[in-house]
There are 4 protein chains.
Amino acid sequence: MVFKTPVLIVNFKTYAKATGKKALELAKVAEKVAKELDVEIIVAVQYTDIKLVAESVEIPVYAQHIDPIKPGAHTGHILPEAVKEAGAQGTLLNHSERRLRLDMINEVILRAKEVGLETIVCADKPETSAAVATLKPTAIAIEPPELIGTGISVSRAKPEVITNTVSIIRKIDEKIPILTGAGITYREDVEKALKLGTQGVLVASAIVKAKNWEEKIKELSLPLTLLR
Amino acid sequence: MVFKTPVLIVNFKTYAKATGKKALELAKVAEKVAKELDVEIIVAVQYTDIKLVAESVEIPVYAQHIDPIKPGAHTGHILPEAVKEAGAQGTLLNHSERRLRLDMINEVILRAKEVGLETIVCADKPETSAAVATLKPTAIAIEPPELIGTGISVSRAKPEVITNTVSIIRKIDEKIPILTGAGITYREDVEKALKLGTQGVLVASAIVKAKNWEEKIKELSLPLTLLR
Amino acid sequence: MVFKTPVLIVNFKTYAKATGKKALELAKVAEKVAKELDVEIIVAVQYTDIKLVAESVEIPVYAQHIDPIKPGAHTGHILPEAVKEAGAQGTLLNHSERRLRLDMINEVILRAKEVGLETIVCADKPETSAAVATLKPTAIAIEPPELIGTGISVSRAKPEVITNTVSIIRKIDEKIPILTGAGITYREDVEKALKLGTQGVLVASAIVKAKNWEEKIKELSLPLTLLR
Amino acid sequence: MVFKTPVLIVNFKTYAKATGKKALELAKVAEKVAKELDVEIIVAVQYTDIKLVAESVEIPVYAQHIDPIKPGAHTGHILPEAVKEAGAQGTLLNHSERRLRLDMINEVILRAKEVGLETIVCADKPETSAAVATLKPTAIAIEPPELIGTGISVSRAKPEVITNTVSIIRKIDEKIPILTGAGITYREDVEKALKLGTQGVLVASAIVKAKNWEEKIKELSLPLTLLR
């Protein structure tokens, strides 16, 4: 099973508002909107919440990171098999808040494939997105770190970053889904991201911190309904 | 609530045999022995298994690590609040497989106190154990990394490491529980560890890889019953 | 040979104004003031400049970091023996811009002793300063990171951090020199640092960025002359 | 100025036999062979030895790593400008003993270009070599880490790793020099490496630990003379 595009990915990060019981609440709201609008929404939750959320919703649940390890003596690390057994369908990787060594990105993508986890690998720039593409993850998310959490979306502020990224990745891989992250806040940001040639968006604070989760998720999901 | 001494801590690491459903099974065996022998046994499980295990057993459940972060934008990190809400009573820290910067050990102990988590901080040598003692965690575990997973217990092979550690820590803190780790495999290892002045043991492979979990946990728990 | 107290340590960091030929110039100005005022001034320079500077001045030259490695296969690392042979008398360690794992601070202090290098280990707080003291470096520098580079000296803004640090370290080690860092900019800052019970100061931007190096080094050295 | 191919790169690592005065001796032997046989030999020395060696030999001198920083407050880091001013023509990067985050490899290549340093970026596998190629360094070195220091050359033991790497990189960049590392010990290893389509070799222990440096460097350089 691979996630469908266009897609909205909600990164819960380690926000208090998206931890434990509240993570479950938020995931249920995302599921409700996904069903109502018939769009693909993925929730990327904390490790401790994967099982709880995955057992309670029918939309895909992701981890936010896994380590490139095999079962064994790795106290305190994130075992891909553990994340899988807890119910995750995939994982984010190399987010700007959890950057990885190049060799580890490669290893962890291979481990994820072995275990049956999808991988959405983040990158900060067109060049590094291309580098990621050569490693064949499930998808790539381009997130200029200077815009993360700002409310200024990359699709509005730096559309050329998106188009450059798409063009450079497409030379290496014609089909891999490309997602736009960083600062996505309004419906227009999502529309722009899709118009610029990407297949979805990665959103965190705009949704988690929204006063009305359902409204905000709907707002950001609507553009996805037009592309089916 | 603080764990009682003498104590047996079972570190599940990321062993396949101690992941997910099997983690729960192992934790239940530990709980059974803890009740039968009336001894304190703590299980340190993977993040993804904390909730499952904590809801199903009455013995203390620990994480294997937490990050020195506050709620917020920390994709892929281990939020102390999340570990607490999932049901953990405390956490291991600075294990030889997950060493930390000195400033972070301090920060994370402070964060754990804020959140109400106990901290068992590992150290590799008498000197570093003393350093850890100045930071006032709940307990200190001395684990010479060269003996971890060898089946050669530090209490037999290097008793002077234990006695030096105890003596150097006691100058700084008269009461803090000191635990012996690394290579603990047989009843005699635990007896020796207690005789040398420590208040418990930290065990991983000897238990997780044992053919008969119950027998092995009983064997290693028996010496604890003599000290009450 | 151990450096004398009171001492002024000038951290060249990786400032352009203190790199290569300019590092040599700045070191010569420091040497000039050290001789004129008969005070102890140490210059902590970049690795690439150690040999050049150490061959040209008679004041102690320090590295800014060394790695806890032995000679061998460690591409790109800082070998203590190499730093020693290049002419360094010692090294800074665990600066807020280059923090180390606790076990590595211990190892690297031991390696430095083997090789005959002095170690000035930085710490961010009273607690971590105490932890460092248990590891027996040559000296400890307390530098609250939030004041580094601000021009607001810790001795003025947070005198209690200094006095707490001194009191907590003195319980562990009666003699080890304690240095004050972070924001030291004016003569009064140095006077205060010495008055609060520390044996010297660690300064970077206030000197490196000064319009007149000689004047600024003299200003900050003068209080040292009163303590002999 | 860019290094010529075919090329022999001698990585001095942090071997005692290749530190300080001995680094200079070894570099002079390399220079002697380079002149006698008219081949391109690069020496990658420790930071502390760059200036000494670069001033004394006419062959290119490389650093073993640089950090992706600009001049400023970066205590203990490796400033590209400092390495350049000391006389380096380029630097190794991402060696298996000093792996880097993907975003940092990109940043540091850009910084090196700004400063006028060449970059030879190591990679462990065909996939990661391709990823590196998208970042446009001066050259790429493929070094399966499991063979480094073994005396078993990758060109003999795993020729398909080399041919796969060449083929995958050539799809991305038709011209970039590709070097073979890991276990290169004998003349045949170099011949094989060149025959498999790479433009040079990266050697450390086979040369540094050789009883007779001149003989070994000649042995490994001879195949280069046949390709001009």
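So that the names make sense, note that chain A is the first sequence line, chain B the second, and so on, each numbered from 1.
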Atom group of [X] that falls short of 4.5 Å from chain A, counting heavy atoms:
X	value
Asp124(D)	side chain
Leu110(D)	side chain
Ile168(D)	neither

State the [atom1]-[atom2] distance between [X] and [Y], to the nearest 0.5 angstrom.
X	Y	atom1	atom2	answer
Cys122(A)	Asp103(D)	SG	CG	11.5 Å
Arg101(D)	Arg101(A)	CZ	CZ	12.0 Å
Thr128(D)	Glu107(A)	OG1	CD	9.5 Å

field: Pairwise side-chain contact, Glu127(A) with Thr134(D), heavy-atom cut-off 4.5 Å (strictly under)
entry: no
message: Would Leu102(D) and Met104(A) count as a side chain to side chain contact (heavy atoms under 4.5 Å, CB included) here? Give the steps.
response: CA-CA 9 Å; Leu102(D) 169 59; Met104(A) 289 192 167; over 6 Å; no
message: Taking every non-hydrogen pair under 4.5 Å, which of Asn94(A), Ile105(A), Leu135(A) racks up the most with chain D?
response: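 Highest number of heavy-atom pairs under 4.5 Å: Leu135(A).
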query: So what's closer than 4.5 Å to chain D heavy atoms on Lys171(A): side chain, backbone, both or neither?
result: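 Neither part.
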field: Neighbour count >12 (heavy atoms, 6.0 Å) for atom NZ, Lys113(D)
entry: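 Buried by this count: over 12 neighbours within 6.0 Å.
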message: Check this for me: Glu160(D), atom CD, are more than 12 non-hydrogen atoms of other residues, nucleotides or ligands nearer than 6.0 Å?
response: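 Yes - once you tally the heavy atoms of other residues, nucleotides and ligands closer than 6.0 Å, there are more than 12.
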